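Since the structure comes first, as structure tokens, the remarks are kept for the end.
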Amino acid sequence: MIRVLTNDGLEATAIENLKAAGIEVVNEHIDQDKLGEALKEFDALVVRSATKVTKEVLDKEEGGKLKLVVRAGVGIDNIDVVAADEKGVTVKNTPNASSGSVAELALAHMFAVARFVNIANVTMRDGEWNKKKYEGIELSGKTLGIVGMGRIGRSLGAKATALGMKVVYTDLFGKQDSLVYDFLSMEELFKASDFISLHVPYDKTKGSLIGKKEFDLMKDGVYLINCARGKVVNEKALLEALESGKVAGAGVDVFEQEPTLNEALVKHPRVSVTPHIGASTKEAQNRIGEEVVSTIRTFFNI
Ligand code: MLT
């Protein structure tokens with residue numbers, strides 16, 4: 001019998017569906033230091049972002065039967081893919097499931113910073129009535145620069161277009177011929193955009209994509225949204241850019257360190273923050289569950 005460990009939990013229906021397919025599911029969390037040894041008894045491991053599937057974990061599994069690691073989500077930065085490959089362990093993710101949810105959250109942050117939704121909420125709770133202070137701007141008519149035109153970027157592009165925004169994009173893999181949006185170089189995009197939304201993975205060999213140099217290229221009063229990975233933006237440089245007025249507002253779902261300890265960023269009046277909840281919708285979690293089940297069933301031919 002195929003044994004699967006769902007170390008960071010999994011949607012209930014997906015667990016039922018795996019069991020119905022004759023798979024034994026252990027829906028428990030095993031701590032990082034004991035994980036490698038425990039994995040010897042499992043054919044597959046399902047993780048979200050909490051579990052780190054490091055080389056050390058995989059080395060400790062040596063002699064075991066692990067064949068597949070499924071990341072229930074998009075980013076696979078918590079999995080050492082090279083080490084897994086060397087050990088013959090296949091790594092899969094669920095790239096299709098949460099695009100719409102992440103795109104909607106990026107949009108929610110855009111509205112929040114453009115219209116002071118978060119800070120108005122917070123200050124009203126303290127008895128303030130800042131009607132004059134919170135004069136915002138409309139999204140309609142503004143240029144949205146999307147950095148990374150994958151599934152999330154495309155979903156955001158469609159929604160932003162419907163709102164009357166002009167969408168431009170840049171992508172690490174070059175121009176996409178099927179798209180109606182203008183393709184710009186990174187530098188051109190920084191110069192042209194009123195809003196910039198990031199949808200690229202973090203590349204640790206290159207470091208943060210957005211630092212002081214990049215902020216300097218942007219329009220004065222730009223709005224920056226990061227629902228990708230925290231380290232894509234240098235938080236110190238972001239705070240400086242907020243203080244200087246270069247950045248009018250920032251929507252931040254992901255942080256250099258999670259949970260974040262960066263109070264200056266979290267409490268900044270022109271920042272809208274959420275605790276890495278891009279994929280946290282019922283719909284996305286259902287779809288992620290379905291994709292995990294189908295990935296495991298296909299892999300083991302069940
Ligand atoms: C993802 O990579 O799927 C999202 O960032 C959500 C997550 O990590 O939980």
Side-chain angles (χ1 to χ4, degrees), residues 5-15 27 29 32 35 44-54 57 68-81 84 90-110 146-156 159 171-173 196-204 208-210 224-233 235 250-260 262 265-266 272-296:
L5 174 66
T6 53
N7 209 47
D8 298 327
L10 187 63
E11 203 265 326
T13 315
I15 293 180
N27 187 31
H29 181 80
Q32 203 68 29
L35 183 62
L45 167 69
V46 180
V47 298
R48 296 183 199 237
S49 53
T51 300
K52 312 292 174 217
V53 188
T54 57
V57 166
L68 174 68
V69 175
V70 187
R71 161 73 165 102
V74 181
I76 47 172
D77 41 332
N78 56 325
I79 301 171
D80 189 331
V81 182
T90 302
V91 176
K92 299 270 188 195
N93 64 348
T94 58
N96 303 305
S98 53
S99 316
S101 295
V102 179
E104 285 190 10
L105 185 69
L107 213 43
H109 278 299
M110 285 163 61
I146 299 180
V147 178
M149 233 343 159
R151 294 173 178 84
I152 299 169
R154 287 200 298 274
S155 177
L156 178 60
K159 295 176 203 321
D171 191 86
L172 305 177
F173 303 104
I196 296 174
S197 193
L198 306 170
H199 300 287
V200 286
Y202 172 61
D203 182 344
K204 64 178 172 209
S208 61
L209 181 72
I210 311 289
L224 181 76
I225 310 297
N226 186 9
C227 292
R229 280 296 177 262
K231 288 181 182 162
V232 171
V233 177
E235 287 179 4
V252 187
D253 183 51
V254 287
F255 299 84
E256 285 177 351
Q257 183 192 334
E258 295 182 5
T260 181
N262 193 342
L265 186 63
V266 169
S272 164
V273 283
T274 43
H276 200 153
I277 54 168
S280 300
T281 61
K282 287 193 172 53
E283 294 84 351
Q285 290 306 315
N286 283 340
R287 285 191 294 263
I288 285 172
E290 283 166 17
E291 226 173 306
V292 168
V293 174
S294 117
T295 300
I296 292 174

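Order of appearance sets the numbers: ligands from 1, and atoms from 1 within every ligand. These numbers were taken from a predicted model, which means no experiment stands behind them. Computation of the quantities below employed the complete heavy-atom set of this structure, encompassing side-chain atoms and omitting hydrogens, waters and symmetry-equivalent molecules.
Residues Leu10 and Ile15 come closest through the heavy atom pair O-CD1, 3.5 Å. Across Ala279 and Ser101, no two heavy atoms sit closer than the pair CA-CB, 4.4 Å. The two residues Cys227 and Asp253 come nearest to each other via the heavy atoms SG-CB, 3.9 Å.
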List below, pair by pair, the N or O atoms of ligand 1 and of the protein that are less than 3.5 Å apart, including the distance to 0.1 Å; reply 'none' if no pair qualifies.
unit_1	atom_1	unit_2	atom_2	d
ligand 1	2 (O)	Arg71	NH2	3.1
ligand 1	2 (O)	Val74	N	3.4
ligand 1	2 (O)	Gly75	N	2.7
ligand 1	2 (O)	Arg229	NH2	2.8
ligand 1	3 (O)	Val74	N	2.6
ligand 1	5 (O)	Arg229	NH1	2.8
ligand 1	5 (O)	His276	NE2	2.7
ligand 1	8 (O)	Arg71	NH2	2.6
ligand 1	8 (O)	His276	NE2	3.3

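Here the side chain of Thr295 pairs a donor or acceptor atom with the backbone of Glu291 at under 3.5 angstrom. Panel note: side chain Asn93, backbone Ile76; no donor-acceptor pair is recorded below 3.5 Å. Proximity of a side-chain donor or acceptor of Gln32 to a complementary backbone N or O of Lys52 within less than 3.5 Å is detected.
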